[in-house]
Amino acid sequence: MKLYNTLTRTKEEFVPLEEGKVKMYVCGPTVYNYIHIGNARPFIIFDTLRRYLEYRGYDVTYVQNFTDVDDKIIKRGHEEHISPEEVANKYIEEYFEDADGLGIKRANVHPRVTDNIQEIIAFVKELEDKGYAYEVNGDVYFDTKKFEGYGKLSKQNQDDLEAGARIEVNSQKRHPMDFVLWKSKKEGEPGWQSPWGEGRPGWHIECSVMSNRYLGETIDIHAGGQDLAFPHHENEIAQSEAKSGKTFSNYWVHNGYININNEKMSKSKGNFFTVRDISNSYDLEIVRFFMLSAHYRNPVNFSDEMLTQAKTALERLYNAKEKLEFTISNLQESSITEDEKSLAIELDGFRAKFINAMEDDINTADAISVIFELSRFINTNVDEKSSLEFAKKCLDEFNELTSVLNIVNKKNDDMLDEEIENLIQKRVDAKKNKDFKLADDIRQELLDKGIILEDTRQGTKWKRA
Ligand SMILES: [Zn+2]
């Protein structure tokens, strides 16, 4: 598989550290509000990368943090007269609700900063002991001049960076690019005891510490939005590599920006949408489908019109799947015919094309095109004269490819409990009337929809497969 590595500005062959295993870290949300549509993009993209790697047989360990101590969280707490912890707890829950709607799988670990304070202190202490960090009045800074590789991700040298740096009034820093690792406690802020007095971590240090703690000193993939590449990821590299003397991450993957109606998203322009806002008008699967319809490195333009288009396109896929399922439900048990054998080879070609697209730097846009081609192929080649074996093969492939992207996965005919109960009653009646054919047909109909029946002395029980 080829992945575009921001570190080298080229598409590189992906080779994991350890065969068959992938260690992946994605920068997570600061939990002071609902996630917005710009946050949603990387979470959807990197969830898809993970799913694809898993589809290809890799054992992926996926870590995504929650920034649960931060100025914005403290401010929100003051506004709402609740503790920063309560703010964070609330928005972590809300994150999961949105993520579930967007079809984003849970990470293996979702570490929180406040659960890693001792690890952060130890990490900063080690940087200080090694001469990469210095303390001024209870604040600890990273000395960027001491780390030779500073600027390697953003491809900027120290002098250019300094020339562009904002002059900070009364700065205690030795050099303009130095950044804070530990901040001394101010009135009304949460704080933890440390060798430098009471305080709290700076932002960048948390990802270095949590990546190191849960994945080790060197990982395979570190990912996030393009806006994080500098300074956040540059600083993560500096901290991690200064401490370990080893490469922090072999691949750096960044997704492009999102515009709203062709303008940069900003609160002041009033074009700021949370995922929750959007979920009032659209099923969030449409948002996922929309995000995957573009290449992840390109900017995307988000608008009502685009979402409506995505909705129509996604519906076409659902319709294709439903039609196929309906055809299958009417077919008798039958093996693949001679004529269908060449079609079956053609069918396999779609899988190969899909994989090719995904292998090329997760080109989900092309992968989705392949799924549309597949649905046209099915439309043309599966009907009431098809063999059941071939029709099922088509459905299996359709489900296999859509499940990698985690789209078209809702059972549109998701049966309500009531419908199931009614059919079970119909089957009980059929058995009483000794109409065993009807009873068996009902059992099969339910089974096709993933409902398993179990006849017990207390009556018929059912469960979803
Ligand atoms: Zn991060």
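Along the sequence shown, residues are numbered consecutively beginning with 1. Keep in mind that the numbers below use all heavy atoms, side chains included, and drop hydrogens, waters and symmetry copies. All ligand and atom numbering here is 1-based and tracks the order in the structure.
Inclusion of His204 in the first shell of the Zn ion (ligand 1) is not supported: no N, O or S atom falls under 2.8 Å. When distances to the Zn ion (ligand 1) are checked against a cut-off of 2.8 Å, His232 contributes an N, O or S atom below that limit.
A salt bridge is absent between Lys311 and Asp283; no separation between the charged side-chain nitrogens and carboxylate oxygens falls under 4.0 Å. Here Arg200 pairs with Glu189 in a salt bridge; the nearest charged N to carboxylate O distance falls below 4.0 Å.
In terms of distance to the Zn ion (ligand 1), the nearest N, O or S atom of Glu236 is named OE2.
The side chain to side chain donor-acceptor pair (under 3.5 Å) search around Lys264 returns none, not counting sequence neighbours. Applying the side chain to side chain donor-acceptor pair (under 3.5 Å) test to Thr30 and every residue at least two apart in sequence or in another chain returns nothing.
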